[in-house]
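The structure under discussion appears below in the form of structure tokens.
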Amino acid sequence: MIELYRLRGCPYCRTVEQKLDELELEYECHNVSLFRFRRSDVKAVSGQSGVPVLVDPEHDVSGMVESEDIIAYLERTYG
């Protein structure tokens, strides 16, 4: 299942969520801390602490960052 690491209130995260919803994809959300130093889970997946981060094990995608790249990937793969 697709996983999305996100921060509530983040407009970039919301854009990715809208695309996931538009494509009617099931996904699991991981809400991360407002404080970057507390985002060890995000760092373990992507090597950095920014969000959004997408994980799609079905297509061997782990730790994809940058909302524009994530949206392009979702459109290309599931659109």
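Hydrogens, waters and symmetry mates are skipped; everything else that's a heavy atom, side chains included, is used.
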Return the minimal non-hydrogen interatomic distance between [X] and [Y], and the atom names on each side.
| X | Y | value |
| --- | --- | --- |
| G50 | V42 | O-CG1, 3.6 Å |
| P52 | I70 | O-CD1, 3.9 Å |
| I2 | E26 | CB-O, 3.9 Å |
| V65 | Q48 | CG1-NE2, 2.9 Å |

Practice prompt. Can you spot which of L54, V53, V55 makes a side-chain contact (heavy atoms from CB on, under 4.5 Å) with E3?
Written response: V55
Worksheet item: Counting only N and O atoms by type, is there a donor-acceptor contact under 3.5 Å from the side chain of R6 to the main-chain atoms of V51?
Response: no
Please report the interatomic distance [atom1]([X]) to [atom2]([Y]), rounded to the nearest 0.5 Å.
| X | Y | atom1 | atom2 | result |
| --- | --- | --- | --- | --- |
| I71 | Q18 | CD1 | CD | 8.5 Å |
| C29 | R8 | SG | CZ | 9.0 Å |
| R39 | Y5 | CZ | OH | 13.0 Å |
| Y78 | L23 | OH | CG | 10.0 Å |
| L25 | M1 | CG | CE | 10.5 Å |
| M64 | H59 | CE | NE2 | 11.0 Å |

Worksheet item: Can you find a heavy atom in the side chain of L4 that is under 4.5 Å from one in the side chain of L20?
Response: yes
Discussion item. If only side-chain N and O atoms count, and only distance matters, is there a donor-acceptor pair under 3.5 Å linking D21 with Y27?
Written reply: yes
Worksheet item: Can you name the residues that form a salt bridge (Lys or Arg N to Asp or Glu O under 4.0 Å) with E22, not counting sequence neighbours?
Response: K19
Near [X] [atom1], under 6.0 Å, is it more than 12 heavy atoms from other residues, nucleotides or ligands?
| X | atom1 | answer |
| --- | --- | --- |
| Y73 | OH | yes |
| E68 | CD | no |
| E66 | CD | no |

